[in-house]
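Right, one structure below, let's go through it.
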Amino acid sequence: MKSFAYYPGCTLYTKSRNLDICARESAKILGVELKELETWNCCGAIFSTVQDDIANQIAPIRNLKEAQKISNELVTLCAACYNVLKRSNYYLYKEGNEIYRRRLINYLDEEYDGETKVLHFLEILKNQIGYNAVKSHVKKSLNGLKVACYYGCLMLRPSAEINFDDPDNPMIMDELFLALGADAVQFPFKSECCGGYVLVNRPEVATKCAEIILESIINAGAECVVTTCPLCQYNIDNQQKYMAKQFNLPIFYFTQLLGLSLGVEEKLLNLDNHYINPKLLLKQKGLII
Amino acid sequence: MNEEIKLKEEIEELSRQRLLDCYQCGECSAGCPTAFAMDIVPSHSIRLLQLGKFNEVLNADNIWLCVACHVCGERCPRGVDYGKIADALRTLILRNKITHLTLEKIDKQFILEAPQQAFIAAFRKFTT
Amino acid sequence: MSIEKKRIGVFVCHCGINIGGTVNVPEVVNQLKKSTDVIAVLDHQYCCSDPGQNLIKETIKKEKLDGVVVACCSPTLHENTFRKAVASVGVNPYNCEIANIREQCSWVTEDKQKATEKAIRIIKTIIKKVQYDEPLQPLQVPVTRKALVIGAGVAGIQAALDIANAGYQVYLLEKNPSIGGHMSQLSETFPTLDCSQCILTPKMVEVKQHPNITLLTYSEIDSVAGYIGNFKVKIRKKTRYVLPIKCNGCGDCANVCPVLVGNEFDGNLSQRHAIYRPFPQAIPNIFTIEKKGISPCRNACPAGVNAHGYIALISAGKYQEAIDLERQANPFPSVCGRVCNHPCEGDCNRKNVDRPIAIASLKRFIADYELKNGRKLPPPVEKVKLDKIAIIGGGPAGLTCAYFLAKKGFQVSIFESLSELGGMLITGIPEFRLPRPAIKADIEYILALGIDVNLNKTLGVDFTIDDLFTNGYKAVFIGTGAHKSLRLNIPGEELPGVYPVLQFLKEVNLKIKDLQPLISGKRVVTIGGGNAALDAARTALRLGCKESVILYRRSRREMPANEWEIEEAEKEGVKIEYLTAPVSIIGDNSRVVGIECQRMELGLPDATGRRTPIPIPNSEFVINADIVIPAVSQAPDTTLFPELEKTRWGSLLVNPDNLMTSREGVFAGGDVVSGPATVIEAIAAGKKAAESIEMYLKGDNQQITRPTNREIAKFSEKEYAKFIKQDRVAMPKIPTSERVSFKEVELGYSEADARKEAARCLNCSVCCECLECVKVCQPNAIDHNLTDEFEELEVGAIVLATGYELLNKEKLGSYGFGKLKNVVDGLQFERILSASGPFMGEVRRPSDGKVPKRVVFVQCAGSRDPENAMAYCSKICCMYTAKQAILYKHRVHDGEAIIFYIDVRTGGKGFEEFYKRATDEGILYIRGKVSKIFEKGDKVIVWGADTISGKKVEVEADLVVLATAMVPAASKEFAQLLKITQDEYGWFTEAHPKLRPVETLAGGFFLAGACQGPKDIPEAVAQSSGAASKVIALFSSETLEHTPIIAGVNEDLCSGCAVCIDVCPYQARELQVLEDGKKKTVKVIEVLCEGCGACSSACPVGAAQQKNFQDKQIQDMVKSALEK
């Protein structure tokens, strides 16, 4: 049983419990272990691109260092954590400026060599486990479910630093849902931004961003959406409240539907933690009773 | 004048972007998801910075609307990432102890609902 | 070696401050004056100037110099100048050398001290060289005064015409079927708006008619050898499968060709046939067949049926032609259309897109269609051959063998032991899968050829093989099949109620016994996993049994029966117990009551690759059964022919090459040889036997070789992704409720179904070789067996005019990866505008043929984009976009044209005026680069910006035209083949960016048109004429000077070991025998030697020496370079 160091991040410990739990349960079924770091702290939620802004790099780098106690491969789920951890590493150790690196190290309790590889759970599923293997564990096929895989920005850009998937047409999540039997609907806004944290200071702007995305998803004929990011999930689910048009699109974390089809028990999916109730759709598709 | 040169250098140092790399094609403004709400679109911002009209940009609204999605930098033919420039501009303001966002402004119910991530990010970007 | 000291003079050039600014020239002069190696040391501001040269000349005269060193810029610039100068005063030019103290010294440092020291070293080193330099004379080399122009676009055409008009022979080579290049695709040209074709075609015709021009179209360069003035070029003339001398371009062939593929001339916005002519004015005006190996379906068929052929014919509605083609390889369309296991579908490339073509169902369609519409039976074949041939066994193998022999005019007799022909088809396969009329139809057709049939004649009972020979038969084919059911070899197999599968099926199928009473209401258990087992189980259901169960010892994956048969059986209610094997059949007072079974698990794979079942200990259990049908396997009954050799499996042993048994003249095939196999394999065997028998009777016993060693056609992942998914047409079937009778389950395709299904074919090999074209070609110009030809040309100069392509839209991710139907590139829009284009000059959009009311043009799509695509400006886009917008407005008066641009670049005669005209015509220019293009409903949304007003702009368009970047057409491989250098983008590099723009650094190669960089038509034409004049200048003298700085051989030292011959890249060395007839030495072929020095470094004894680069010389130079 291969095991990876696992970094849940703060949001997955509170508002987005289901993103986390479904991933752990699915991993179990698929025969890999997500070993949570003994101690970890918040990654900072957004990457600071300001060159001398060392303070904001300390937290992520500490987590990367901590991971090495378990493994050099650190797995995350939250798109924001993935973005921040991976970019801190890149920024300081790949293209980094020696002066700032040294300055940073002074703040750390011990040296860090930049050797921790940051992986997203999707990368584990695709490259380490393999989608065929995932397929062979499917209990309930998502056959007939039209899913829109929405990636947002944090997973993809800047591609030179993140190097996760094609920033214009990412497919890694689509391929997963094809393997789960679903119909992965293609739409042109896969990697547009949901409005992100501007939700806090200018909600109307963020809501507009989310609305444009939902528009294109509906036009593509999808019945639901899957995301990897708590903020995306909130923006395109909860903000439907304030939209002129009634989309009524259920917004899942990809791990919820993954868990569902691998046979994780329903109560762990925490399907009540949604603004648009997803149960009706799942019932209608015979995926839950 | 020297003041201006210093400011320009500071922006370029903080953002690791070279302002004169921009040849004003406007692709950043074309792809920006929040440009519809901006008073000054990214390419215009960069132009003003090239012209040394820093205050116009520092007082502009757009830097508080940038979501750091980096579509601009991703597609820029000259490899200029306005997202990083905006980050630098915010930093300049915030380091002068001028905060953009205060907790009081935020709706309480919203605080209960929304994910932490949103607040941590917003406070990182908008407060001193 | 000791030679007398030369009188050497050194002249140091200041080159203004280029050298003088860094190198302390006076200091250099002073230092050198101290040297004993030199007579005179002088310096001058500009040695290359007249006064400078005069200084050198005067000094030579005054000091009687016989060696000169000029310390100045690179020898590539002024070596020639100074060598001429010294020659004019009687010094051998090869005793004048350049010491490069500019590029290699003054320009690479600012440290004056160091620069000065280095300059001195460099000069001293060269002085050493001159000391040993021999006086040399340049070699005279003859020039072949013929030119090769590669690429017949407008540039190549112009170059060829200019050279030809100067009176020299020109070969004009083009890889495409026609000359004309991209210009022939354009509608009208900027800024004059004259019709592209109208101004190009006259030139094309002139080329064709010119006595000095030889056209080599549809040809490629295979290899290039030699050097300037004397090239040897090997050309591959790709076959068109059409004889150019015979083809009259009438086009009858294209009219009958059933294959349709994308037409690249129209940017794939229209379709063309497999046999085609790119455009009506094509030169030469002949047709070309495109072939890409062999289609996988055709390759997979054991009988070599041309499935691709009849599928294409069906898609074109040519059903008779389709079935005729089918019968060329297989006389059982009606049968195989129903029960063939169709390996063709297994290999069909369409499976990589969605699901394979329903090939068998299509075959069945043409068979049924022919019958329904009153089939005409063929007339008996005239018995032109006297030989009589006997066929034993009237099954598929025997009948096929008879069919092909009868077609050849042999006298064929079939001997069948049953009272009906058909063999396993009638005894083994139930009617609900294969109705009797279907079998009869095929047999009727076969017998119509005139075959003598003897029923109820059993070998060994009614006659023997010897009888046949004594009765004058010259050859015998045995196709008696495998009709013996194998036993389970378990207790209880003797009990009544146990029915061997073949006996059971035979009795039902031939209606020998009515088994209804026996079966109905009973529990029937069939044992086995083959098609026979399924047939038995499904038959039992139809006989009204209570329950029909199949026991199979492996899992479904290993089941040999056809997947689709298993599905049907399950639908009908057959229960299949997998991983279950019988241990014994339990009887109670002499009738079957049940079977004791055992559960199995799968172990390692066996020889057949199937995993072997292993019994699970104490997993025994009993299932009830009234009737047990063992259907594990069948075997041939070879007791019939004791005299023939058998394999260890008891089947007949034959020579695999010609299917002859151990007895001369006796052949065999089908199940009797292979054991139980498929119908198509039996047919294949019958066919092969027929060929062998014919050869045998000709007295020719060598093996048959089938011509299928062709490459199997396939597509790349990218190409598969481009095909639009469209699932196969479902086969209509009768509802399971009606499956109590023996009515046929599958109803067959309707005509509409068949056309639709056939249209899914990807035409993997493009041409399907249905040979319809051959039938209609009056001048008999088509020959599908032609092959590529090679020709060797001798030319003195080569002009490269390979042109450009457009950047592939797929590379522009944020513009939709080329997936959006209504986003076209510049050349595609030219075709849309063109009167000969896909829409006959009406502006329509690809997706739905609607007239677009708003068209958005996007400039710099991949140009001026160092980060994501091409860094350079493609130069022509600003103008052609303006032109296209204007032409669009002319065609669609109420249409709206919007152009997104970064800068409008109008550097050219009449260009700015043309840009003004565009705005006059009401075209809106928006200054901003487009970021994202995507579909919304049937509109295309363009996200741009207007940087002038500082606004983001969203436009809803009907059609978008991308001015995609120009990229070089010539590949890296091509450039390497010719040893021509390319820049980072692949454009060919000129010898000097300003002063030698049409030459390359490789002597004898010249550049014309866009292969050197983005260009519009006038520039390309001008440059072509430039290249042509260079070629003409080269041809103006009969000989060429060839540098004498080449290798030599010291014959006293040379041992003739020939190492140098192997290392010489120019084949410039050969072995010779000296006069004395004993000693062998190496000889240098001087004109071929390029003086690379490989030989001297390889020579073990130092016999190979490079003139003026002798070992001793170099050693001294190195010494002085390293001197303290």
Side-chain angles (χ1 to χ4, degrees), chain B residues 15-51 53-54 56-63 65-86 89, chain C residues 807 811-817 856-874 877-878 898-905 925-934 940-957 960 962-965:
Chain B
S15 65
R16 286 175 298 155
Q17 304 300 300
R18 298 222 321 274
L19 294 173
L20 288 178
D21 280 351
C22 171
Y23 70 167
Q24 286 295 306
C25 71
E27 187 161 9
C28 48
S29 308
C32 178
T34 56
F36 68 88
M38 289 179 177
D39 48 356
I40 302 176
V41 294
S43 53
H44 252 200
S45 262
I46 299 174
R47 186 61 184 154
L48 289 166
L49 295 172
Q50 289 175 335
L51 297 172
K53 301 191 181 305
F54 300 103
E56 283 186 47
V57 179
L58 288 168
N59 297 327
D61 198 15
N62 75 66
I63 55 179
L65 283 169
C66 170
V67 270
C69 73
H70 297 297
V71 171
C72 45
E74 192 66 50
R75 298 187 185 153
C76 176
R78 291 292 194 88
V80 181
D81 189 324
Y82 183 70
K84 293 178 179 175
I85 294 173
L89 295 168
Chain C
L807 178 74
K811 296 214 164 64
L812 303 171
S814 59
Y815 292 176
F817 292 98
V856 169
F857 297 84
V858 178
Q859 291 190 191
C860 299
S863 301
R864 303 183 64 191
D865 188 345
E867 285 295 312
N868 312 302
M870 303 299 152
Y872 52 81
C873 165
S874 292
C877 322
C878 288
I898 299 171
I899 299 176
F900 281 97
Y901 72 101
I902 306 176
D903 297 300
V904 179
R905 297 183 167 175
Y925 276 78
I926 300 179
R927 193 199 177 283
K929 191 162 194 284
V930 167
S931 173
K932 188 181 174 80
I933 299 173
F934 57 95
V940 186
I941 309 299
V942 179
W943 273 10
D946 175 40
T947 60
I948 294 165
S949 64
K951 296 268 180 300
K952 176 173 179 168
V953 181
E954 176 172 320
V955 184
E956 197 177 75
V960 173
L962 302 176
T964 41

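All chains are named by letter (A, B, ...) in the order of the sequence lines, taking the proteins before the strands, and each is independently numbered beginning at 1.
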* **Ile948(C), part contacting chain B, at a heavy-atom distance under 4.5 Å** => backbone

* **Nearest atoms (heavy-atom pairs only) where Ala945(C) meets Ser29(B)** => CB-CB, 4.0 Å

* To do: Taking all non-hydrogen atoms of both residues into account, name the closest pair between Ser931(C) and Gly31(B) and its distance.
  => OG-CA, 3.2 Å

* Could you tell me which portion of Val930(C) (side chain, backbone, both or neither) has an atom closer than 4.5 angstrom to a non-hydrogen atom of chain B? => backbone

* Rounded to the nearest 0.5 Å, how far does CD of Glu27(B) lie from SG of Cys860(C)? -> 10.0 Å

* Asked: Atom OG in Ser43(B), atom NZ in Lys951(C): separation rounded to 0.5 Å?
  -> 11.0 Å

* Asked: Is there a donor-acceptor pair closer than 3.5 Å between any side-chain N or O of Tyr23(B) and the backbone N or O of Ile902(C)?
  -> no

* To do: Find the distance between CH2 (Trp943(C)) and SG (Cys32(B)) and round it off to the nearest 0.5 Å.
  => 9.0 Å

* Evaluate the side-chain proximity of Cys76(B) to Glu867(C): yes if any heavy-atom separation is below 4.5 Å, no if none is. => no

* **Largest heavy-atom contact set with chain C, pairs under 4.5 Å, which of Arg78(B), Arg75(B), Glu74(B)** => Arg75(B)

* Sidechain-backbone polar pair: Lys952(C) side chain, Val41(B) backbone, donor-acceptor under 3.5 Å -> no

* Asked: Any side-chain heavy-atom pair from Gln24(B) and Arg927(C) closer than 4.5 angstrom?
  -> yes

